[in-house]
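Please read the structure below before turning to the comments.
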There are 2 protein chains.
Amino acid sequence: MGAPAPTDFETRTAELPALEPGQVLVANRYMALGAVMRTMLAGGTASLPGFEPGEPLFARTLGTVLASAAPRVAAGADVVHMAGWSTHAVVDADRCRPVPDGDPMRHLSSGVTAYVGLRLAGVRAGDTVYVSSAAGAVGSAAGILARTLGAGRVVGGTRSAWKTSELVDRLGYDAAVDYASGDVEAALAACAPDGIDVYFDNVGGDHLATVVGLLNDGGRVALCGTLADRPGPRLDLPAVIGKGLTLRGFRASAHPDLHDGYPAPDLPHVVVDGLDAAPGALLDLFAGRYVGTVLVRLDGGTQ
Amino acid sequence: MGAPAPTDFETRTAELPALEPGQVLVANRYMALGAVMRTMLAGGTASLPGFEPGEPLFARTLGTVLASAAPRVAAGADVVHMAGWSTHAVVDADRCRPVPDGDPMRHLSSGVTAYVGLRLAGVRAGDTVYVSSAAGAVGSAAGILARTLGAGRVVGGTRSAWKTSELVDRLGYDAAVDYASGDVEAALAACAPDGIDVYFDNVGGDHLATVVGLLNDGGRVALCGTLADRPGPRLDLPAVIGKGLTLRGFRASAHPDLHDGYPAPDLPHVVVDGLDAAPGALLDLFAGRYVGTVLVRLDGGTQ
């Protein structure tokens with residue numbers, strides 16, 4: 001399938017259903033958009049749900065409970081849930097996670113995901129860390145957090161020349177490659193003259209195979225994301241064995257013990273205003289026009 | 001290239017050179033043959049040396065020092081080195097590892113390799129462990145050692161029907177699949193009805209990709225070997241990420257700390273007598289006619 005177009009989206013107004021026992025009514029305040037939605041629009045994967053045409057999209061969303069028919073979650077509580085792409089939502093309380101405040105970046109950014117991956121990869125003082133899709137929500141956080149974990153050199157990869165500049169000038173990367181152009185392996189090797197110790201992988205595919213060739217002995221890969229339209233990489237197993245490499249897939253939710261210690265730094269982001277602007281923002285995100293986390297203000301009010 | 005033939009081998013008699021400072025003369029007693037020699041005959045890999053036509057082959061070898069021109073290694077010491085395929089060898093003392101006794105299986109088997117891989121994969125009580133090339137030198141040890149580490153179910157894969165019987169009847173595997181025939185995925189799934197927790201991989205290629213599909217959440221793969229003529233596997237990254245899988249390449253020599261605790265069990269093996277029998281034994285090994293470690297008695301005597 002091709003990229004979605006604005007005409008693929010439709011805004012509907014609907015009556016909210018009455019609360020059933022165990023449900024809460026949430027006024028949605030912010031939701032986060034992500035490149036992962038491209039994979040979800042393409043039907044998802046074995047471990048990632050796809051979007052169903054005609055059904056509302058979903059997104060990680062922060063809101064305030066207006067009315068509750070569930071003892072677990074009181075009216076007035078701030079909660080994170082997945083029923084975004086709407087100003088209000090009726091949600092099972094069991095699918096809401098109460099949070100202590102209404103700070104959207106704290107609860108909707110992918111900072112914790114980046115942090116867990118870097119911790120699993122065991123970033124050590126002086127390591128050279130390479131992050132692909134480094135301008136994205138996860139990648140922009142990974143670059144900043146790698147530094148807090150002691151990385152000596154942080155290199156980013158992205159898909160356009162202006163974003164490589166953003167990575168170095170605004171996001172604190174030491175060097176960056178545009179992996180959509182030219183000889184990626186040579187460009188990346190030049191950015192990491194002492195080799196790569198940790199690769200935070202947001203794209204998978206052939207790019208992963210290329211990075212494996214540049215990893216140092218004992219190198220570690222945190223496998224965080226993969227684009228649905230890329231075939232799995234053909235791994236050079238003799239290199240993986242000879243260099244003693246570790247590749248580890250993860251989802252942050254499976255490692256709650258590693259959330260402790262997350263330093264919650266100020267992460268790059270943009271805020272887009274209003275549900276009506278969300279389809280355009282998603283297409284802009286797919287087109288590579290943003291750096292950092294993309295939040296949509298849904299403004300569900302407090303009635 | 002095809003399989004080697006007996007006519008590809010030649011036995012030569014040569015004068016041993018005089019010892020130079022730092023060298024020792026070793027009477028070779030045993031050497032170990034391995035499937036990895038197929039990869040070495042095919043030219044090796046980035047991390048595995050290839051054999052050079054016309055040059056002596058090499059092999060992990062146990063011998064006794066007859067004369068020494070090196071202060072590090074005294075005459076009479078038992079040593080392990082790589083200059084096998086000969087009755088006597090002049091070797092740099094720096095390339096000899098002194099060992100406390102002359103027990104060939106203790107020093108030439110791949111038990112330590114299997115042990116290190118299982119330790120790195122973190123075998124836990126009750127785990128289902130699957131081992132490919134399970135009748136080979138490494139695999140036969142891995143099956144036995146997995147049990148000592150607490151595995152609940154140990155499944156082996158091999159390339160012939162008689163070896164699947166050997167695995168279950170003689171080597172202590174709970175179940176075995178012949179992965180050269182039929183629907184491997186279904187057969188393996190039937191052998192591991194609760195899924196696979198740890199995969200000890202000796203073959204790589206498509207078989208690794210198949211096993212990834214059968215691994216449980218949090219599954220771990222010890223990448224130990226790969227056949228030179230198989231392309232690297234196309235990894236299903238969404239599965240690796242969604243299930244939180246860890247794939248780890250290793251060589252035992254890089255993890256000396258994990259050698260401690262190796263229980264040195266009695267491992268399956270055959271002994272072939274004499275250097276002249278070694279080429280035939282190697283071809284028999286490639287043809288899948290042995291189970292366990294294959295030792296050649298070189299009988300370098302003590303002069």
Side-chain angles (χ1 to χ4, degrees), chain A residues 36 39-40 42-50 113 116-117 120-122 201-209 212-213 215 217-255 258, chain B residues 36 39-40 42-50 113 116-117 120-122 138 201-209 212-213 215 217-228 230-255 258:
Chain A
V36 69
T39 302
M40 298 163 96
T45 68
S47 61
L48 189 73
T113 296
V116 168
L120 288 171
D201 181 14
N202 289 306
V203 301
D206 290 342
H207 196 61
L208 170 56
V212 161
L215 284 166
D217 282 2
R220 292 139 276 151
V221 181
L223 299 167
C224 182
T226 180
L227 302 182
D229 57 353
R230 297 199 183 172
R234 278 210 185 278
L235 273 193
D236 178 356
L237 283 184
V240 173
I241 294 168
K243 296 198 282 189
L245 306 183
T246 302
L247 291 85
R248 185 161 187 175
F250 77 99
R251 291 200 292 185
S253 58
H255 299 277
L258 296 181
Chain B
V36 70
T39 302
M40 298 163 95
T45 69
S47 61
L48 189 73
T113 295
V116 167
L120 288 171
V138 179
D201 182 13
N202 289 306
V203 300
D206 290 343
H207 196 61
L208 170 55
V212 161
L215 284 166
D217 282 2
R220 291 139 277 151
V221 180
L223 299 167
C224 182
T226 180
L227 302 183
R230 296 199 183 174
R234 276 211 185 278
L235 272 194
D236 178 355
L237 283 185
V240 173
I241 294 168
K243 296 197 282 190
L245 306 183
T246 301
L247 291 85
R248 185 162 188 174
F250 77 99
R251 291 200 291 186
S253 58
H255 299 275
L258 295 180

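Each chain gets a letter, A, B and so on, in the order its sequence line appears, and its residues count up from 1. Quick note: numbers below take in every heavy atom, side chains included, and nothing from hydrogens, waters or symmetry partners.
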| request: Please determine, among B/Leu120, B/Leu223, B/Asp217, the option with the most heavy-atom pairs under 4.5 Å with chain A. | output: B/Leu223
| request: Considering only heavy atoms and a distance below 4.5 Å, find which of B/Gly249, B/Ala254, B/Gly205, B/Gly218 pairs most often with chain A. | output: B/Gly249
| field | Contacting moiety of A/Leu247, where chain B heavy atoms sit under 4.5 Å | value | both
| said: Taking every non-hydrogen pair under 4.5 Å, which of A/Pro233, A/Gly244, A/Ala239, A/Gly242 racks up the most with chain B? | reply: A/Pro233
| said: Applying side chain to side chain donor-acceptor pair (under 3.5 Å), can you list everything that pairs with B/Thr39, at least two apart in sequence or on another chain? | reply: none
| query | Residues in side chain to side chain donor-acceptor pair (under 3.5 Å) with B/Arg234, at least two apart? | reply | none
| query | Which atom names give the shortest non-hydrogen contact between B/Leu237 and A/Gly204, and what distance separates them? | reply | CD1-CA, 3.4 Å
| said: Looking at every non-hydrogen atom in both residues, tell me the closest pair between A/Ile241 and B/Arg251 and how far apart they are. | reply: O-CG, 3.8 Å
| said: Quick check for you: among B/Val240, B/Leu235, B/Thr226, which has the greatest number of heavy-atom pairs under 4.5 Å with chain A? | reply: B/Leu235
